[in-house]
A.B. asks: 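My structure is below; once you've seen it, I'll send some questions.
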Amino acid sequence: MTEPGGAVIEARDVRFAYGDVQALRGVTLAVPRGSFFALLGPNGAGKSTFVSLLSTLLPLQGGDLRVAGLDVHRSAGAVRRALGLVFQEPSLDERLTVLENLEFHGQIYGMPGRARRARAQEVLGIVELLEWQNATARILSRGMKRRLEIARGVMHRPELLILDEPTTGLDVQSRRAVWSYLDSLRAQTGVSLLLTTHQIEEAEGADLVAVVDRGEVLALGAPDDLRAGLGMVVTLRGVPDDLRAALLGGPFTAGAAGSLVARVPDAGPLLSELGPQLHRLGGVSAQPASLEDVFLNLTGRALREERPVVGVGAASPVDGRGFR
Ligand SMILES: Nc1ncnc2c1ncn2[C@@H]1O[C@H](COP(=O)(O)OP(=O)(O)OP(=O)(O)O)[C@@H](O)[C@H]1O
């Protein structure tokens, strides 16, 4: 836990219910300032509810919640100024120019004209949209719109930028660009990031991950720490029936799409043991455990249907950092 005041988010036993539906069942966590923090969990885990409480869009029903040391209940106005928000759904005014979108946002936050204009140039520089500042927002590509939304989110110098599934609907290239601008933004401004996502690849790059499910934080830590102890994941595809029956008695369990999966500290001995049978298999992979495995280990369920299969020794999604 961080020192008091050293946290950008502090939650203690936060609870929220929509009528009979318990959306958050006592969430406790602390996120140090300047961190990239990811809330990772499936649909319905409670991520949006937590973000709505943080951004004061929903009233706290139980527990304590602070943003940059400010209580969301007692200091709601100051909390809102300390936050920038980038929602999954596009929220630009498409009739305004790129610059006007930023200017308008700065006005709402009471920024004086000169500071507003200087800040707009600064944030447009970070997301490389300076040349587009007089273009109507409508004509921008999806990726550029998302970059403008990020620039707008930090226009008023918030302590914390909240990103709700920020790369949904973007192609791989635009996703990479968005993450590279977010990295620059952190480096240049020191803003903390809160990402809500169900995409493993996005959470793998975070400093701190909270694995959430059914309104509870199941694990909280750096990705490497969460993975530590899970070792390697060996996946076999296209296993003939006789071999399948034999292997299911050993370290292997049934995985997705007819695969067999084993979690072992070291893949070497297991692969040597399988050696004579390897040519009979459709495919074999050995990868360090991912956050997907962490989720599976904690809940017994997969966060997504299937993980990509790569050959033995190929780059893992862990050290490759997905699409980042
Ligand atoms: N307005 C609402 N009324 C009733 N129940 C709700 C409402 N909003 C959310 N819930 C329920 O609260 C729980 C948590 O939902 P929440 O939207 O916070 O999860 P999430 O992790 O953000 O998932 P998603 O990515 O699907 O939004 C779910 O069971 C959901 O069905």
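Heavy-atom basis, side chains included; hydrogens, waters and symmetry copies ignored. These numbers were taken from a predicted model, which means no experiment stands behind them. First listed ligand is number 1; within each ligand, the first listed atom is number 1.
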A.B. asks: Would Ser180 and Asp183 count as having a side-chain donor-acceptor pair, cut-off 3.5 Å?
C.D. replies: no
A.B. asks: Would a single hydrophobic cluster contain both Leu236 and Leu243, if residues Ile, Leu, Val, Met, Phe, Trp and Tyr are joined by side-chain heavy-atom contacts under 4.5 Å?
C.D. replies: yes
A.B. asks: Please confirm whether Ala23 comes within less than 3.5 Å of ligand 1 when only nitrogen or oxygen atoms on both sides are compared.
C.D. replies: no
A.B. asks: Please state whether the rings of His156 and Tyr109 are parallel, tilted or perpendicular, taking 30° and 60° as the class boundaries.
C.D. replies: parallel
A.B. asks: Under 4.0 Å from atom 29 (O) of ligand 1, do we find at least one protein heavy atom?
C.D. replies: yes
A.B. asks: Identify, for atom 6 (C) of ligand 1, the protein heavy atom at the shortest distance, and state residue, atom and that distance.
C.D. replies: Tyr18 CD1, 3.3 Å
A.B. asks: Would you say Pro42 contacts ligand 1, with heavy atoms under 4.0 Å as the rule?
C.D. replies: yes
A.B. asks: Could you check atom 25 (O) of ligand 1 against the protein and tell me its nearest heavy-atom contact, residue, atom and distance included?
C.D. replies: Asn43 OD1, 3.4 Å
A.B. asks: Is there a side-chain contact between Leu170 and Val178, using heavy atoms and a 4.5 Å cut-off?
C.D. replies: yes
A.B. asks: Side chain, backbone, both or neither: which applies to Thr49 and ligand 1 if a contact is any heavy-atom pair less than 4.0 Å apart?
C.D. replies: both
A.B. asks: Closer than 4.0 Å to some heavy atom of Val21 - which atoms of ligand 1 meet that?
C.D. replies: 11 (C), 12 (O), 29 (O)
A.B. asks: Quick one: pull up CG in Leu303 and CG in Leu291 and give me the separation to the nearest 0.5 Å.
C.D. replies: 9.0 Å
A.B. asks: Measure the distance from atom 24 (P) of ligand 1 to every protein heavy atom, then report the residue, atom name and distance (to 0.1 Å) of the closest one.
C.D. replies: Gly44 N, 3.8 Å
A.B. asks: Are a donor atom and an acceptor atom from the side chains of Asn134 and Thr97 found within less than 3.5 Å of each other?
C.D. replies: no
A.B. asks: Would you mind finding which of Gly215, Ser48, Gly46 brings a heavy atom closest to atom 19 (O) of ligand 1?
C.D. replies: Gly46
A.B. asks: Checking the N or O distance criterion of under 3.5 Å, is ligand 1 in contact with Ala45?
C.D. replies: yes
A.B. asks: Can a donor-acceptor pair be found between the side chains of Gln121 and Gln133 at a distance below 3.5 Å?
C.D. replies: yes
A.B. asks: Between Arg33 and Glu159, does the salt bridge (charged side-chain N to carboxylate O under 4.0 Å, His left out) criterion hold? Intermediate values first, please.
C.D. replies: CA-CA 8 Å; Arg33 282 182 201 237; Glu159 293 253 9; 3.0 Å; yes
A.B. asks: For Lys47, take its heavy atoms, then give the atoms of ligand 1 lying under 4.0 Å from any of them.
C.D. replies: 18 (O), 19 (O), 20 (P), 21 (O), 22 (O), 23 (O), 25 (O)
A.B. asks: Is the shortest distance from atom 9 (C) of ligand 1 to a protein heavy atom below 4.0 Å?
C.D. replies: yes
